[in-house]
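So that the names make sense, note that chain A is the first sequence line, chain B the second, and so on, each numbered from 1.
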2 protein chains.
Amino acid sequence: MRRRLLEEAARLLGEEGPSALSTRRLAREAGTSTMAVYTHFGGMPALVREIVAEGFRRLVDRVAAVPVTDDPVRDLTAVATAYREHARADPQIYAVMFGSASLGGYRLHDEELDVGLAAFGQLVDVVRRGMDAGRLRRDDPAAVAGQFWSALHGYVSLELSGFHLVVEDPESQLLWPMLAHLLEGLSDDAHRSGR
Amino acid sequence: MRRRLLEEAARLLGEEGPSALSTRRLAREAGTSTMAVYTHFGGMPALVREIVAEGFRRLVDRVAAVPVTDDPVRDLTAVATAYREHARADPQIYAVMFGSASLGGYRLHDEELDVGLAAFGQLVDVVRRGMDAGRLRRDDPAAVAGQFWSALHGYVSLELSGFHLVVEDPESQLLWPMLAHLLEGLSDDAHRSGR
DNA sequence: GTCGAGATATAACACCGTTATAGGAGATGT
DNA sequence: ACATCTCCTATAACGGTGTTATATCTCGAC
């Protein structure tokens, strides 16, 4: 029953948006009563937290599935693709993950934040490999990964909001050039001049 | 009365978050009945749209107040500061502006999108000045401004979500280095090598 | 077979957005 | 001055929401 509720909740959230995710609607859809939500989760916000945590787990899986090549910079763009695909696969869930806008009084908690940091750790690893390979200037890998993430999340967020349409072909005019320019600024000068 | 409702709604949204912004609560707070919301705006979503539009107008004003110097790149960072300060001054309103998460069935409309594009136009102008001055590589100014905006919005969004804490001092380790590296990647090579 | 614990269903409370309806205030026309 | 007409307001109602208390049920342990 627990799983059934989670599945149905994620489906409702993904298909019809946050407003469709109500205790009663969910109970009806799952063929039970509203009490199930309280006995299994303790309330709607806690259930949403579980969905968010699951969203982060799926993000981790998706990034982990990106193959590791001998070109860390190329790997970074592959991670970016995986990240964006995750957001586009479940835009509503992504919005809840990062939208400070609350969904039914939901607020980020330590548990999900930890899962989110796990995903961030993967990115830090790729960045560190880039530094070890001499492709990125040596620096704090977490800081560099954070910069990459900020830019990537910014584009994805604007894309989901519809604001990316300030240009005709956002992916080829915004996303990839932005990451390329950022990586160029982050690149190891020696490697760049030697190329 | 119209203005009174808008002021009170913005106050409630800013002080207690989206969940506090209800028709009944707002009417009570403004000393009237719920009907006022419908006679003046036609419903809660339309009222939220007005608040969002006002938010964009305030953003435009804030950016317009940034002084124009003879260093367009420095101006860009000043615009970034103004942008970030706008978001931090009213985080909830910023979240509604860009959060694809709906607030009471609210959805972005053409009218507010136009006001948002006005703000974006200011940024395009600064970027174009940077190209004219030979500080930025010549390119489509809208695309470059969009890249800058994506990165900036990404950091601000993560900051409001609380995810910027992946590093100790996010502003000095994430925001400014990210923008600096992006600008370095965008800079005119001739100017850079000549420096 | 009985007992006890956990999950479920029902009903209630207060709140929500929205709408229909009735009343009031103020301007306008005669 | 009076009547009318329009705009705004207040009240009440409908269906929906999250949440809680209470009662029932089911099922495993002894």
Side-chain angles (χ1 to χ4, degrees), chain A residues 1-53 92-93 95-96 99-109 111-112, chain B residues 1-53 92-93 95-96 99-109 111-112:
Chain A
M1 189 77 249
R2 235 187 91 96
R3 187 156 43 196
R4 177 140 176 62
L5 281 174
L6 281 174
E7 286 172 5
E8 210 68 34
R11 189 184 63 81
L12 277 173
L13 186 57
E15 290 182 0
E16 303 187 38
S19 58
L21 186 54
S22 71
T23 316
R24 288 175 151 88
R25 171 82 187 276
L26 173 59
R28 194 184 338 134
E29 215 85 18
T32 179
S33 83
T34 63
M35 274 306 297
V37 174
Y38 291 88
T39 61
H40 288 290
F41 302 94
M44 204 60 190
L47 188 147
V48 173
R49 276 206 300 271
E50 296 244 10
I51 292 184
V52 168
Q92 308 278 10
I93 294 182
V96 177
S100 53
S102 54
L103 188 156
Y106 158 78
R107 201 86 189 92
L108 210 62
H109 225 272
E111 182 190 350
E112 313 82 61
Chain B
M1 187 79 249
R2 233 187 92 98
R3 185 157 45 194
R4 177 142 176 63
L5 281 173
L6 281 175
E7 285 173 6
E8 211 68 34
R11 191 185 62 81
L12 278 173
L13 187 58
E15 289 182 2
E16 303 187 39
S19 57
L21 187 53
S22 71
T23 316
R24 287 176 150 89
R25 172 83 187 275
L26 173 61
R28 194 182 340 131
E29 216 84 18
T32 179
S33 82
T34 63
M35 274 306 296
V37 174
Y38 291 87
T39 59
H40 287 290
F41 302 93
M44 204 60 188
L47 186 146
V48 173
R49 276 207 300 272
E50 296 244 10
I51 292 184
V52 168
Q92 307 279 9
I93 294 182
V96 177
S100 55
S102 53
L103 188 156
Y106 159 77
R107 202 86 189 94
L108 211 61
H109 226 270
E111 181 191 349
E112 312 83 61

Side chain of [X] only, please: which of [options] is the nearest?
X: B:T39; options: D:dA21, D:dT9, C:dT18; value: D:dT9
X: B:R28; options: C:dC16, C:dG17, D:dG18; value: C:dC16
X: A:T32; options: C:dA20, C:dC16, C:dA9; value: C:dA9
X: A:T34; options: D:dT20, D:dT9, C:dT18; value: D:dT20
X: A:Y38; options: C:dT18, D:dG18, D:dT11; value: D:dG18

Could one point to a donor on the side chain of A:R24 or the base of D:dG16 with an acceptor on the other under 3.5 Å away?
-> no

On a plain distance test, is the side chain of A:R25 in donor-acceptor contact with the base of D:dG16 below 3.5 Å?
-> no

With a 4.5 Å heavy-atom cut-off, do A:H40 and A:E50 have their side chains touching?
-> no

Does a side-chain heavy-atom distance below 4.5 Å link B:V96 with B:L13?
-> yes

Check the distance between [N]'s [atom2] and [X]'s [atom1] and give it to me in whole angstrom.
X: A:E16; N: D:dT17; atom1: CD; atom2: P; value: 12 Å
X: B:M44; N: C:dC16; atom1: CE; atom2: P; value: 10 Å
X: A:M35; N: D:dA21; atom1: CE; atom2: P; value: 10 Å
X: B:L47; N: C:dG17; atom1: CG; atom2: C1'; value: 13 Å
X: A:L26; N: D:dT17; atom1: CG; atom2: P; value: 11 Å
X: A:R4; N: C:dT8; atom1: CZ; atom2: P; value: 12 Å
X: A:L5; N: C:dA7; atom1: CG; atom2: P; value: 12 Å
X: B:F41; N: D:dT9; atom1: CZ; atom2: P; value: 11 Å

Residue pairs passing the salt bridge (charged side-chain N to carboxylate O under 4.0 Å, His left out) test where at least one lies in residues 13-22 of chain B, sequence neighbours excluded | B:R11-B:E15, B:E16-B:R25

Comparing B:S22 and A:S33 on DNA chain C - which has the more 5′ nearest nucleotide | A:S33

Given D:dT9, is OP1 or OP2 found less than 4.0 Å from the side-chain N or O atoms of B:H40?
-> yes

Reckon B:T23 has a side-chain N or O less than 4.0 Å from the OP1 or OP2 of C:dG17?
-> yes

Indicate the atoms forming the closest heavy-atom contact of B:A20 with B:L12, along with that distance.
-> O-CD1, 4.1 Å

Taking all heavy atoms of B:P18 and all of B:Q92, pick out the closest pair and write down the distance.
-> CD-OE1, 3.5 Å

